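Okay, so here's the structure we're looking at.
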Amino acid sequence: MRRALLPMVLAAALLGGCSTPEPAPAPPPVGGAAALPGPIPADLALRPAPSTAPAAPAFTGVLTDGTPFAVADVWAQRPVVLTFFSSWCTTCADSQAALSELARSYRDRVVFVGVAGADQADEVQDYLRAHRVEYPVVLDDQQTIWRSYAVREPPAVVLVAKGGALLRGWPGGLDAPALDQRLRELVLAGQP
């Protein structure tokens with residue numbers, strides 16, 4: 001009986017030893033549903049939008065992980081900063097680390113939403129990982145959203161008040177300290 005089992009054990013060992021290991025699962029996409037904001041902080045105090053402010057163009061799209069996204073659902077509850085970028089934009093890359101840090105500091109109070117245009121999904125993922133972007137990112141490869149905001153080239157930043165009023169836009173982008181100051185002036189009440 002033992003002699004009959006020996007060839008089967010050896011065959012199993014040899015076959016098991018020659019198999020290729022399972023590839024490691026790919027990391028989840030950056031900028032997907034996991035990056036959507038959490039609960040609204042209880043102490044969030046916002047300035048009212050000027051009655052003369054126009055409505056920001058609402059849009060729907062798809063986040064980097066394929067999750068459907070409607071920006072109006074987000075700005076219904078809190079202010080939104082739209083950042084228009086492309087992975088190949090060196091100006092975007094130069095300012096992204098500071099912008100990512102600012103977004104982390106405002107987490108859940110002001111929602112940053114990236115809009116990646118004229119880009120490939122894998123290159124956007126490389127960019128998001130390299131620059132530690134932790135906010136949701138909509139893929140806009142046809143630049144439909146870009147055109148609705150009159151963005152011709154990256155970078156650009158747009159500030160939208162709670163409720164969807166278009167407060168301000170900056171073609172060419174805005175550095176993190178200046179954006180921080182504008183957020184305190186335009187949307188956050190009771191901030192120094």
Side-chain angles (χ1 to χ4, degrees), residues 29-33 35-37 49 53-76 78-107 109-183 186-187:
V30 179
L36 290 170
F59 63 84
T60 59
V62 176
L63 298 178
T64 58
D65 65 355
T67 301
F69 178 81
V71 73
D73 292 345
V74 178
W75 71 41
R78 53 193 124 195
V80 172
V81 172
L82 299 173
T83 64
F84 295 86
F85 74 96
S86 291
S87 67
W88 44 264
C89 169
T90 56
T91 305
C92 302
D94 291 345
S95 61
Q96 186 64 61
L99 193 59
S100 293
E101 185 59 36
L102 183 63
R104 279 188 287 282
S105 74
Y106 279 104
R107 178 95 183 142
R109 294 182 295 150
V110 176
V111 180
F112 283 61
V113 176
V115 183
D119 223 325
Q120 301 296 317
D122 59 336
E123 292 172 2
V124 169
Q125 281 300 298
D126 292 345
Y127 177 93
L128 299 178
R129 283 191 174 87
H131 298 288
R132 297 182 53 226
V133 176
E134 297 172 6
Y135 48 83
V137 175
V138 178
L139 299 175
D140 187 27
D141 55 337
Q142 300 299 313
Q143 297 177 293
T144 306
I145 302 166
W146 281 34
R147 283 192 296 278
S148 71
Y149 280 87
V151 174
R152 293 191 179 129
E153 64 181 297
V157 174
V158 173
L159 179 56
V160 180
K162 176 184 174 184
L166 181 61
L167 295 177
R168 194 73 204 274
W170 294 273
L174 190 66
D175 66 25
L179 179 56
D180 183 36
Q181 181 179 349
R182 296 299 176 262
L183 287 167
L186 298 172
V187 298

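Please read these numbers as outputs of a predicted model, since none were measured by experiment.
- Here L82 contributes atom CG and W146 contributes atom CH2; the two are 12.5 Å apart, rounded to the nearest 0.5 Å.
- Expressed to the nearest 0.5 Å, how far CG of L159 lies from CZ of R182 amounts to 10.5 Å.
- Separation of atoms CG (L139) and CZ (F69) is listed at 12.0 Å; rounding is to 0.5 Å.
- Side-chain contact check for V113 versus W75: every heavy-atom pair is 4.5 Å or farther apart.
- Rounding to the nearest 0.5 angstrom, the gap separating the CD atom in E134 from the CD atom in E101 is 8.5 Å.
- Between V111 and R78, the shortest heavy-atom distance links the atoms CG2-CD, 3.4 Å.
- Scanning both residues, A116 and V124, for their nearest heavy atoms gives CB-CG2, 3.9 Å.
- When all heavy atoms of C89 and P155 are compared, the closest pair comes out as SG-CD, 3.9 Å.
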Apply the test side-chain contact (heavy atoms from CB on, under 4.5 Å) to residues T144 and F59: give CA-CA distance (whole Å), side-chain angles for both, the deciding distance (0.1 Å), then the verdict. CA-CA 9 Å; T144 306; F59 63 84; over 6 Å; no
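- Judged by distance alone, the side chain of T64 and the main-chain N or O of G31 form a donor-acceptor pair under 3.5 Å.
- Contact detail for C92 and S86: the closest heavy-atom pair is SG-N, 4.0 Å.
- Remark: the backbone N or O of A70 is not paired with any side-chain donor or acceptor of T60 at under 3.5 angstrom.
- Residue S87 forms a side-chain hydrogen bond (donor to acceptor under 3.5 Å, both in side chains) with just one option from D122, D119, D126, and that option is D119.
- Listed for the Q125 side chain is a donor-acceptor partner under 3.5 Å among the backbone atoms of V30.
- Atom CZ of R129 is surrounded by more than 12 heavy atoms from other residues, nucleotides or ligands within 6.0 Å.
- Residues passing the side chain to side chain contact (heavy atoms under 4.5 Å, CB included) test with T67, sequence neighbours excluded: A33, L63, D65.
- Counting heavy atoms from C-beta on, the side chains of Y135 and T83 come closer than 4.5 Å.
- A165 and A53 get closest at one heavy-atom pair: CB-CB, 3.9 Å.
- Residues S95 and D175 form no side-chain contact, since every pair of their non-hydrogen atoms from C-beta on lies 4.5 Å or further apart.
- Shown here for A76 and K162, the closest heavy-atom pair between the two residues is O-CE, 3.6 Å.
- Residues satisfying the side chain to side chain donor-acceptor pair (under 3.5 Å) criterion with Q120, sequence neighbours excluded, are absent altogether.
- Side chain of R147 to main chain of Q142: a donor-acceptor pair is present (N/O by atom type, distance under 3.5 Å, no hydrogens or angles).
- Contact check for V137 versus Y127: no side-chain heavy atoms found under the 4.5 Å cut-off.
- Atom OG1 of residue T90 and atom CD of residue Q96 lie 13.0 Å apart, to the nearest 0.5 angstrom.
- Classification of the Y149-F84 ring pair by plane angle, with boundaries at 30° and 60°, yields tilted.
- A 4.5 Å side-chain heavy-atom check between W88 and P154 finds at least one atom pair inside the cut-off.
- Separation of atoms CZ (R132) and CZ (R104) is listed at 4.0 Å; rounding is to 0.5 Å.
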Criterion side-chain contact (heavy atoms from CB on, under 4.5 Å) on L179 and F112, from CA distance to verdict: CA-CA 12 Å; L179 179 56; F112 283 61; 3.9 Å; yes
